[in-house]
Amino acid sequence: MSGPISGLLAFIFLMTDDRSRWSGCCFQQSTFPLHHFRSSADRVRKTVEMAAFGRISQTLLRSSLIQTRQLSATAAHGHGEQTARTWKILSFVVALPGVAVCMLNMYLKMQHHAAHHVEPEFVPYSHLRIRSKRFPWGDGNKSLFHNPEVNALPDGYEGRDE
Amino acid sequence: MAHQAHAYHMVDPSPWPLTGAIAALLLTSGTAVWFHFHSLTLLTMGNILLLLTMYQWWRDIIREGTFQGHHTPPVQKGLRYGMILFITSEVFFFLGFFWAFYHSSLAPSPELGGCWPPTGIITLDPFEVPLLNTAVLLASGVTVTWAHHSIMEGERKQTVQALTLTILLGFYFTFLQGMEYYEAPFTIADGVYGSTFFVATGFHGLHVIIGSTFLAICLLRQIQYHFTSEHHFGFEAAAWYWHFVDVVWLFLYVSIYWWGS
């Protein structure tokens with residue numbers, strides 16, 4: 001009854017104890033009172049037992065710490081190896097289809113515009129088509145992205161009889 | 001071999017700050033000469049010198065960091081501060097143009113017809129190309145995040161895929177915006193509406209081109225094994241810049257395209 005409990009307590013102690021205090025492989029070999037054993041065989045057996053126990057507990061300790069470190073690292077990145085996959089899925093399932101939907105919407109609207117196009121009437125407003133200084137290119141009268149079909153010059157649309 | 005007893009980077013003497021300053025002088029004076037005397041000589045020289053300066057200066061930084069190991073953690077921290085401060089300064093740059101837009105549009109002057117958009121201005125439909133542009137930039141924000149996590153997990157092929165997709169989306173935005181500029185029924189010379197629209201969106205477009213170029217350089221570096229899963233600050237800086245560009249667009253879209261229409 002006390003065996004498993006002490007074993008469990010020893011396990012908990014090892015799992016939660018500060019690893020940095022232990023150095024080397026077997027932590028108790030040098031201090032264990034081996035002289036308590038009657039025979040050398042018993043002493044050898046106990047030493048091996050402790051060595052094995054020490055090594056197993058060290059391994060358990062090491063692997064649990066590694067897992068903890070991995071877990072905290074993944075927590076920082078959002079589950080480690082999973083995060084890149086998550087964003088890849090988001091890219092192909094949400095982001096790119098969103099773009100595709102907007103492209104479709106645009107295509108449909110363009111068709112609608114082409115069918116119902118109304119030419120805007122030209123009114124020579126003084127607050128528009130300002131030419132206080134010539135543009136530094138061409139004849140100085142057309143903007144950089146001038147489009148004769150939609151951009152009127154100060155005296156009217158080019159190529160339209162008004 | 002000399003050793004340093006500190007973790008910081010004492011940079012070797014370099015000519016590129018001087019050539020950069022000369023380029024700045026040539027660009028400014030060259031622009032003035034172009035406007036008044038219609039000569040492009042100084043401006044062209046300035047552009048060439050600027051490109052040479054940028055190429056060689058940043059090439060040297062890559063050499064110092066990736067190949068010579070000068071970018072220790074404290075040095076990297078300094079680079080992070082630098083990039084954050086630079087992006088902050090860019091935020092203030094755009095704030096000015098947003099100020100100009102809201103100044104003109106919240107209280108439209110009588111010359112414009114006392115309304116916004118001004119009389120005679122046919123605005124762009126915010127739910128056509130501008131909406132598509134928004135989707136494109138938001139999508140590129142997702143793909144650049146995919147690229148970042150792929151780098152951190154050592155997924156080489158996925159990083160290349162994600163980065164390439166981001167850059168393509170950036171090019172698509174630039175292409176769409178160029179088309180919009182050509183098809184717009186108003187120009188930069190159409191009063192304060194045209195000025196605020198084209199200056200704000202124009203500088204934004206320039207930043208998209210800069211950001212796409214930065215990401216393209218990162219793609220080349222990734223292909224050439226410059227980045228490790230722990231140390232890839234060049235990429236992080238490019239990603240931060242790209243997110244900044246995306247955020248500026250969102251403000252532009254909501255203010256100028258949507259509210260201002």
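Chain letters run A, B, ... following the sequence lines, proteins first and then strands; every chain starts at 1.
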Does a donor on one side chain and an acceptor on the other come within less than 3.5 Å for [X] and [Y]?
| X | Y | answer |
| --- | --- | --- |
| B:Glu128 | A:His113 | yes |
| B:Thr201 | B:Tyr181 | yes |
| B:Thr228 | B:Glu230 | no |

Contacting moiety of [X], where chain A heavy atoms sit under 4.5 Å:
| X | answer |
| --- | --- |
| B:Ala147 | neither |
| B:Asp125 | side chain |
| B:Ile151 | neither |
| B:Glu183 | both |
| B:Gln158 | side chain |
| B:His36 | side chain |
| B:Leu138 | neither |
| B:Phe198 | neither |

Chain A: which of [options] shares the most heavy-atom pairs with it under 4.5 Å?
| options | answer |
| --- | --- |
| B:Ala139, B:Ala135, B:Ser150, B:Ala189 | B:Ala189 |
| B:Pro118, B:Gly120, B:Pro185 | B:Pro185 |
| B:Thr187, B:Thr145, B:Thr134, B:Ile121 | B:Thr145 |

With side-chain contact (heavy atoms from CB on, under 4.5 Å) as the test, pick out the partner of B:Leu163 among B:Leu220, B:Leu219, B:Thr143.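 So, applying the side-chain contact (heavy atoms from CB on, under 4.5 Å) to B:Leu163 and each of B:Leu220, B:Leu219, B:Thr143, only B:Leu219 qualifies.
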Taking NZ, NE, NH1 and NH2 as the nitrogens, is one of them in A:Glu158 or A:Lys142 under 4.0 Å from a carboxylate oxygen of the other?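 Answer for the salt bridge query: yes.
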Salt bridge flag under 4.0 Å for residues B:Glu236 and B:Arg80: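 Between B:Arg80 and B:Glu236 there is a salt bridge, with a charged N closer than 4.0 Å to a carboxylate O.
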Side-chain heavy-atom pair B:Trp249, B:Phe173 within 4.5 angstrom cut-off: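 B:Trp249 vs B:Phe173: side chains touch.
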Any heavy-atom pair between the side chains of A:Cys102 and B:Val136 that's under 4.5 Å?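 Result no, sub-4.5 Å side-chain heavy-atom pair not found.
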Can you say whether A:Met103 sits under 4.5 Å from chain B via the side chain, the backbone, both, or neither, judging by heavy atoms?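 Answer is both: backbone and side chain atoms of A:Met103 are under 4.5 Å from chain B.
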Is A:Val99 in contact with chain B via its backbone, its side chain, both, or neither, using a 4.5 Å heavy-atom distance?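 Contact with chain B involves both backbone and side-chain atoms of A:Val99.
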Using a cut-off of under 4.5 Å on heavy-atom pairs, state which of A:Arg134, A:Glu149, A:His146 scores highest against chain B.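 Top count of heavy-atom pairs under 4.5 Å with chain B: A:His146.
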Under a 4.5 Å cutoff for heavy-atom pairs, which residue among A:Trp137, A:Trp87, A:Phe92 has the most contacts with chain B?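 Max contact count across the listed options: A:Trp87.
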Distance-minimising heavy-atom pair for B:Thr119 and B:Cys115: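 Closest approach of B:Thr119 to B:Cys115, heavy atoms only: OG1-SG, 3.8 Å.
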Is the positively charged end of B:Arg156 above the ring of B:Phe227, judged by distance under 6.0 angstrom from the centroid and angle within 45° of the axis?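 No, B:Arg156 does not sit over the ring of B:Phe227.
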